[in-house]
Number of protein chains: 2
Amino acid sequence: MAAEQLGWIDARKLGQLRRPAGSVLITEGGTDERLYTLLSGWAFRFKSLPDGRRQILNILLPGDTMGVQAELLSASPHGAEALTDVDLCAFRRDTLLVLSREHPELSFDLIWLAALGEKLTDDVLLSVGRRNATERVAMLLVHLYRRAVSAGLKQDDSVPFPLTQMHLADALGLSHVHVNRVLQGLRKGGLVRLSEGRLGIGDLRALRRVADYWDQPPPRRPLL
Amino acid sequence: MAAEQLGWIDARKLGQLRRPAGSVLITEGGTDERLYTLLSGWAFRFKSLPDGRRQILNILLPGDTMGVQAELLSASPHGAEALTDVDLCAFRRDTLLVLSREHPELSFDLIWLAALGEKLTDDVLLSVGRRNATERVAMLLVHLYRRAVSAGLKQDDSVPFPLTQMHLADALGLSHVHVNRVLQGLRKGGLVRLSEGRLGIGDLRALRRVADYWDQPPPRRPLL
DNA sequence: CGGGCATTTGAGCAAGATCAAAATGGGTGG
DNA sequence: CCACCCATTTTGATCTTGCTCAAATGCCCG
C-alpha cells in the first residue's frame, strides 16, 4: 500500500485503545459505535436473544476489523467483547464512506473483505446447522488453530486459547456440559491437547476427518 | 442513480437469462461463476457436506444479487439454485473490480450491500444456533412473509411460497419430518396458513412472540 | 393409469439438554 | 503463606427434543 494511502488512513485514526479482557467493545443494538481494527488480543462478535441465549458469530484475531455493520446500519446488529486484553485502533464513524470517496482504489479491498466475512459466517452456519457436536467442536478447533498459527501465535507446537468451554458452546450452538464431554472424547483419542489456555493439535489429519473439513472440497450433491 | 451510471452498468450486462425452477444457478465450488441479479422468481444459496447434508444459507428474492463471493474468491464457496422459474441479469466476471475503479461513487453501496448480507446470515446463525424448532420455523416464516410483502408479492392476504418442507428443514437445520410436525402445530394454533404454494399469516403478533423476533424492518437498500 | 414428489403419520431411539453438585484452580486480600 | 472466593471444569442422573426409519396418503402430470 502506498505511503499516501497509509498517511490518509492514519489521519482517520481516532486513537489507539487498550481494553481489558472481558470488556464490551461494541454494545449490541448500540447506535454510537466506531470502527475498530484489532491490533493484538482476541475478541468475539455475538448476538443474543431477549431471554439471554447467546450465539457467538465469529472469533476475532489480530488484524480483523469490527464495527463495519455498526457503521453502515443505523444500530449495531451485534455486540463484541474482548476475550483477552486487547489493543484496538479506532477510526472515525464515517471512515468507510469517506474512504470510498477519497480513495476509491481501496474500496475494492473493502468489498473483498466484506465478502470474506460473509463466507466465514456461511461456514459457521453450515457447521451449526448440519454437523453433529463432535464434528462442530473438531471443526472449530482446527479452524482456530489454523488462524492462530497464521497469525504467528504458535509456540512450542501450541497456540494460545483464551476461550472457555462456555464460549465454545455459544459459538457452536451446544450446551457447555456437552462441549465438555465432547472435548474429553477428543482428548482421550489424542486428537487435541487443550489445557491451561493453550491448544495443541495431536492429529490434524484425524481431526479434519472427524470434522469432515477439507478446504478445497468439491462437495457435489448426487443428482438429487 | 444518474443516467450515466445506469448506462455504464448496462454496458457491463452480459445478458438476461431465464432459468426453470430447480436449475443450478451457481455450482458449489465452481470456478467460472458470474455475478447475477435476480429479476424475478425465487432462489436460494446453500453449502453442503461431502455426505450430502445441506444447509440453505439464504433465500433470494427479486432484487437480490448472487455470486459476489464467487467473483471475489477463486472458487464459489456456495451453490445457488432456482426455486421457481427465474429471470436473471448476468454481469461480466470482473464487474465489481472495474466498477470500483470507474465508478467509485457506487462502491460504497456495494460495501453497504455486503454488510447487509452478512447481517442476514448472522441473523440466521442466531436462529439455527440458539432457537428451538418452533421458534425457528416461526421466525423464518415471518421473515419471508415480510420480505415477500415488501417485494410486492402479496395478493389476497397471502404471498407465494415456493419452498418445500425439505427446503425449510435445510434452511433451519432440522429434519423435514420435524418441520412438518411443527408446521401442523402452527396451523392448528391458527398462526399461519400454508398450503398450495402460498403463505398467509394468521396472527402476526403471536407468531413474532413465538419467534422472539423483534427487529425493525431492514433499511432501504441502494443500487438496483 | 402409473410414477415421482411432497406431505403426513407412527413408533422407537438417541443426541444432546437440563439440573444439580462436586472438584479444580487460580487470584486476592489478610 | 494461607484462607477464601469465584469462575471454570467435571461428573452423574434424568429427561426431552428432535432424529431415524418406515410406510401410507395425496397429488400433479404425462
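A, B, ... follow the sequence lines: proteins, then strands. Residue 1 opens every chain.
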### Given B:L83, B:L60, B:V86, the one that forms side-chain contact (heavy atoms from CB on, under 4.5 Å) with B:W42
B:L83
### Query
Closest nucleotide of DNA chain C for A:V179 versus for B:N180: which of these residues is on the 5' side?
B:N180
### Query
Would you call A:R53 and A:D170 a salt bridge, using N to O less than 4.0 angstrom?
no
### Query
Distance check: side-chain N/O of A:Q165 vs OP1/OP2 of D:dT10, anything under 4.0 Å?
yes
### Task
Let me know, please, whether A:R130 or A:T164 comes out on the 5' side of the other along DNA chain D by nearest nucleotide.
A:T164
### Query
Any side-chain N or O of B:R53 under 4.0 Å from OP1/OP2 of D:dC19?
no
#### Entry: Protein-nucleotide distance (A:E196, atom CD; C:dG25, atom P), rounded to Å
9 Å
### Query
Could you give the CG-to-P distance, from B:L172 to D:dT17, as a whole number of Å?
18 Å
#### Entry: Shortest non-hydrogen contact from A:T84 toward A:P162
CG2-CB, 3.5 Å
### 5′-ward residue of the pair B:V177/A:N132 relative to DNA chain C
B:V177
### Message
Please determine whether any donor N or O and acceptor N or O are separated by less than 3.5 Å between the side chain of A:R181 and the base of D:dG12.
### Response
yes
### Task
Using a heavy-atom cut-off of under 4.0 Å over every strand shown, decide if A:G197 touches base, sugar-phosphate, or nothing.
nothing
### Message
C:dT7, OP1 or OP2 - any side-chain N/O from B:Q184 closer than 4.0 Å?
### Response
no
### Task
Looking at every strand, decide which applies to A:G173 at a 4.0 Å heavy-atom threshold: base, sugar-phosphate, or nothing.
sugar-phosphate
### Nucleotide C:dA15, atom C1' - distance to CZ of A:R131 in whole Å
18 Å
### Message
Measure CG/B:L174 against P/C:dG16 and give the value in whole Å, please.
### Response
14 Å
### Query
Tell me: NE2 of A:H176 to P of D:dT9, nearest whole Å?
9 Å
### Task
Using the six-membered ring of A:F46, assess whether NZ or CZ of A:R54 lies under 6.0 Å from its centre and within 45 degrees of the ring axis.
yes
### Query
What is the distance, rounded to the nearest whole Å, between atom NE2 of B:H178 and atom P of C:dA14?
18 Å
### Message
Is the phosphate of C:dT7 approached by B:R187 (side-chain N or O, under 4.0 Å from OP1 or OP2)?
### Response
no
### Task
Grab the CG-C1' distance between A:L194 and D:dT9 for me, whole Å please.
11 Å
### Message
Taking the ring of B:H167 and the ring of B:F44, is the distance between their centroids below 6.0 Å?
### Response
yes
### Task
Mind checking A:L183 for me? I need base, sugar-phosphate or nothing, with any heavy atom below 4.0 Å counting as a touch.
nothing
### Query
What's the NE2-C1' distance between A:H167 and D:dT9, to the nearest Å?
14 Å
